[in-house]
Number of protein chains: 2
Amino acid sequence: MIETLRWRNGALERIDQRLLPGKFKYIKCKTARDVWDAIKKLKVRGAPAIGVAGAYGLYLGIAKSKAVTYKGFYDEVKKCEKYLAASRPTAINLCWGLSKIVSLVEKNKKRSVDALKKIILGEAQTILEEDKKICRDMGKNGAGLIPKNAVLLTHCNAGALATADFGTALGVIYSAKKKVKKVFADETRPVLQGARLTVWELQKNGINTVLICDNMAASVMRSEKVDAVIVGADRIAANGDTANKIGTYGVAILAAYHKIPFYVAAPVSTFDLSLKTGKSIPIEERDGDEVRKIGGKCITVKNMKVKNPAFDVTPARLITAIVTEKGIIYKPNSERVKQIIEINQ
Amino acid sequence: MIETLRWRNGALERIDQRLLPGKFKYIKCKTARDVWDAIKKLKVRGAPAIGVAGAYGLYLGIAKSKAVTYKGFYDEVKKCEKYLAASRPTAINLCWGLSKIVSLVEKNKKRSVDALKKIILGEAQTILEEDKKICRDMGKNGAGLIPKNAVLLTHCNAGALATADFGTALGVIYSAKKKVKKVFADETRPVLQGARLTVWELQKNGINTVLICDNMAASVMRSEKVDAVIVGADRIAANGDTANKIGTYGVAILAAYHKIPFYVAAPVSTFDLSLKTGKSIPIEERDGDEVRKIGGKCITVKNMKVKNPAFDVTPARLITAIVTEKGIIYKPNSERVKQIIEINQ
């Protein structure tokens, strides 16, 4: 498996995903600002991966703190949490990783600043290791949903490259590998995570993969007898409404029309039970040049007016099941989400 | 209006659509081979436009014929018809234009070869002029379907650039211009006709236009209260099933889900009554490099396995109405198609 994120010699190393599949290269993040920049510019992406990166970012942000009192140190921690959380608004895992660390600091008020620094680094490392285990558990849980000789379709990249090293939606595919005949990967405009990342890692893991343009999904569902669609998630509301990469909502409608099961694979950390429905999930609007340019080259009229929402929200009624590390939520609604999530909090 | 095709000094002049919107340039086609190449390589595209281009191509193919007998000349005409018809398999208008000319030759067996050449050129010119009138009639018919302050969505380019000079789907928009508040244009991967051509010509004609990636259509339909979707067609079967640019079928499903009317605008020449349903429409599979490369640059793994169907078929049940120059076919089925089309044949 590809290690997307790793801690080496006091720095967070990450694969520069903007260079894939052309170049495979690790880049060091040595400061909170490096991490902020990596998340903002999609050098690290995928909800679970930015959760892990954020946690290390917080450590890097306070590692050189000269605070001597708990109060002084805690203020720096909170400031750094706020700074990192603002790098991307939709994926809740980022806030989740950061607030996990902040809570831990709050629980250890009596400890010295040096001890707190070690606790923070330890927790970031725990989050990384947990992510690896969570993805494997999710994979095992989801594998049972995949039929023999399955033809699957996925959107964006919810793979090893979106997590510490195994993947959510693609983790399910890796776990069910022997049963998987073929995977269609949407290229996923504007940033082309499907064309650049998903097909690269699926092929690297020996999965028979076919790349399609996003607008071919309906035609492929009809002509290629797709058995299931599986995607990741960036934030899931209490009722199961799911924010994920722009285009997911459309794919879910197409799957429903073709009577194809539509699965979401996401760790418990993706759920935001403070939001009743998906209508309250903030949707990041990114720079229009992502739409206007491909590979730095303008593909349309100069300064063309565009829309560029990075995510959309798929209503729970279009989701056959949500796969988590703690179990599968079939026909998600507030009650069923609660049953799986609350057991574990 | 942009003249997409025009006859000047013994040559067919066409805008090189592959260079738009960066460069606006006419290229001369002096031989049938030039026309074949222009159609094959999408330098001329859009079902009605390739119908017109094909007709001129046939003239260019026989203009220098040295045949002295009707038989010899007719054989050349048939050979050239077959050659040009093979340039693209899906758009029926190409075959329609060519066979219209062949029928005319067959009806004029007694005329000299020189006279027949003039008849052929005259017919190509008639087809061009008719296309201009047909598009305007279609526009008038369709304009009544557009509500006040309309927010519209279109896919691919069914505009002036897809016809001699006015457009089918965009012709309806031009005719209803005063009522149109905004048009969302799908970029239309892989060849980006929406991003390159549609937004360019809509803006040139003073229409408020927003470019989106194909996978944003569902999200835009929900959040922007789209009032209607309008697209063109490459071939329509006897029951109203419609082949059009890849992605159209998906957009039609999304429109149905959001209860948005879905309109097709196409001239009578787009109907192929010899095919009972859309299942028999041949779908062109184009070079995979169209998917793998954008602007000559590979956007995915080298030699990645891809699918690249140029069209898909939208079943008649998803189509609210088909707008033709002869009238509107509401809730299309075999009987209603017959009523409008047979009156005119």
Side-chain angles (χ1 to χ4, degrees), chain A residues 21-22 155 184 186-190 192 194-196 199-200 203 208-224 245-254 256-258 283 288 290-292 294-302 304-309 311-314, chain B residues 20-22 155 184 186-190 192 194-196 199-200 203 208-224 245-254 256-258 283 288 290-292 294-302 304-309 311-313:
Chain A
H155 186 74
F184 286 97
D186 285 353
E187 65 176 6
T188 320
R189 277 280 285 147
L192 298 164
R196 295 187 302 108
V199 304
W200 179 77
Q203 282 204 328
N208 179 20
T209 310
V210 180
L211 174 66
I212 57 171
C213 298
D214 299 316
N215 67 25
M216 294 171 189
S219 170
V220 160
M221 284 182 189
R222 180 168 57 186
S223 68
E224 305 279 334
K245 178 55 55 203
I246 185 72
T248 304
Y249 170 49
V251 174
I253 296 169
L254 301 179
Y257 181 83
H258 292 95
I283 299 296
E290 287 183 354
V291 174
R292 285 184 287 259
I294 300 178
K297 208 180 146 183
C298 184
I299 55 146
T300 184
V301 172
K302 215 181 152 190
M304 185 63 210
K305 207 191 296 176
V306 304
K307 267 187 83 75
N308 188 19
F311 304 94
D312 57 25
V313 175
T314 301
Chain B
L20 286 174
H155 186 74
F184 287 97
D186 284 353
E187 66 177 4
T188 320
R189 277 279 286 147
L192 297 165
R196 295 188 300 107
V199 302
W200 180 77
Q203 282 203 327
N208 179 20
T209 310
V210 180
L211 174 66
I212 57 171
C213 298
D214 299 317
N215 66 26
M216 294 171 190
S219 169
V220 161
M221 283 181 190
R222 181 170 54 186
S223 69
E224 305 279 334
K245 177 55 55 204
I246 185 72
T248 303
Y249 170 49
V251 174
I253 295 169
L254 300 179
Y257 180 83
H258 293 95
I283 299 296
E290 287 184 353
V291 174
R292 284 185 288 259
I294 300 178
K297 207 180 148 186
C298 185
I299 55 145
T300 184
V301 172
K302 214 182 153 190
M304 186 62 212
K305 207 191 295 174
V306 303
K307 268 187 82 75
N308 188 18
F311 304 93
D312 57 26
V313 175

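Naming convention: chains lettered A, B, ... in sequence-line order (proteins, then strands); numbering from 1 in each chain.
Residues A:Pro190 and B:Met216 come closest through the heavy atom pair CD-CE, 4.1 Å.
Ranked by heavy-atom pairs under 4.5 Å with chain A, the list B:Ile246, B:Asp312, B:Ile283, B:Val301 is led by B:Ile246. Put simply, of B:Leu20, B:Asp214, B:Leu211, B:Val199, the one with the most heavy-atom pairs under 4.5 Å next to chain A is B:Leu211. Per-residue heavy-atom pair counts under 4.5 Å with chain A were compared for B:Thr248, B:Thr209, B:Val220, and the maximum is reached by B:Thr209. For chain A, the option among B:Ala256, B:Ala195, B:Gly250, B:Ala252 with the highest count of heavy-atom pairs below 4.5 Å is B:Ala195.
At a 4.5 Å heavy-atom cutoff, the contact between B:Asn208 and chain A is made by side-chain atoms alone. If you measure heavy-atom distances from B:Asn215 to chain A, the contacts under 4.5 Å come from both the backbone and the side chain. Both the backbone and the side chain of A:Lys307 come within contact range of chain B, judged by heavy atoms closer than 4.5 Å. At a 4.5 Å heavy-atom cutoff, B:Val251 makes no contact with chain A through either its backbone or its side chain. Residue B:Ile294 touches chain A through its side chain alone, counting heavy-atom pairs closer than 4.5 Å.
Between B:His155 and B:Phe311, the distance separating the two ring centers is not shorter than 6.0 angstrom.
In this structure, the separation between CE on A:Met221 and CZ on A:Phe184 is 11.0 Å, given to the nearest 0.5 Å. One finds the CD atom of A:Glu290 at 10.0 Å from the CG atom of A:Leu192 (value rounded to the nearest 0.5 Å).
Under the salt bridge (charged side-chain N to carboxylate O under 4.0 Å, His left out) criterion, A:Arg222 pairs with no residue at all, not counting sequence neighbours.
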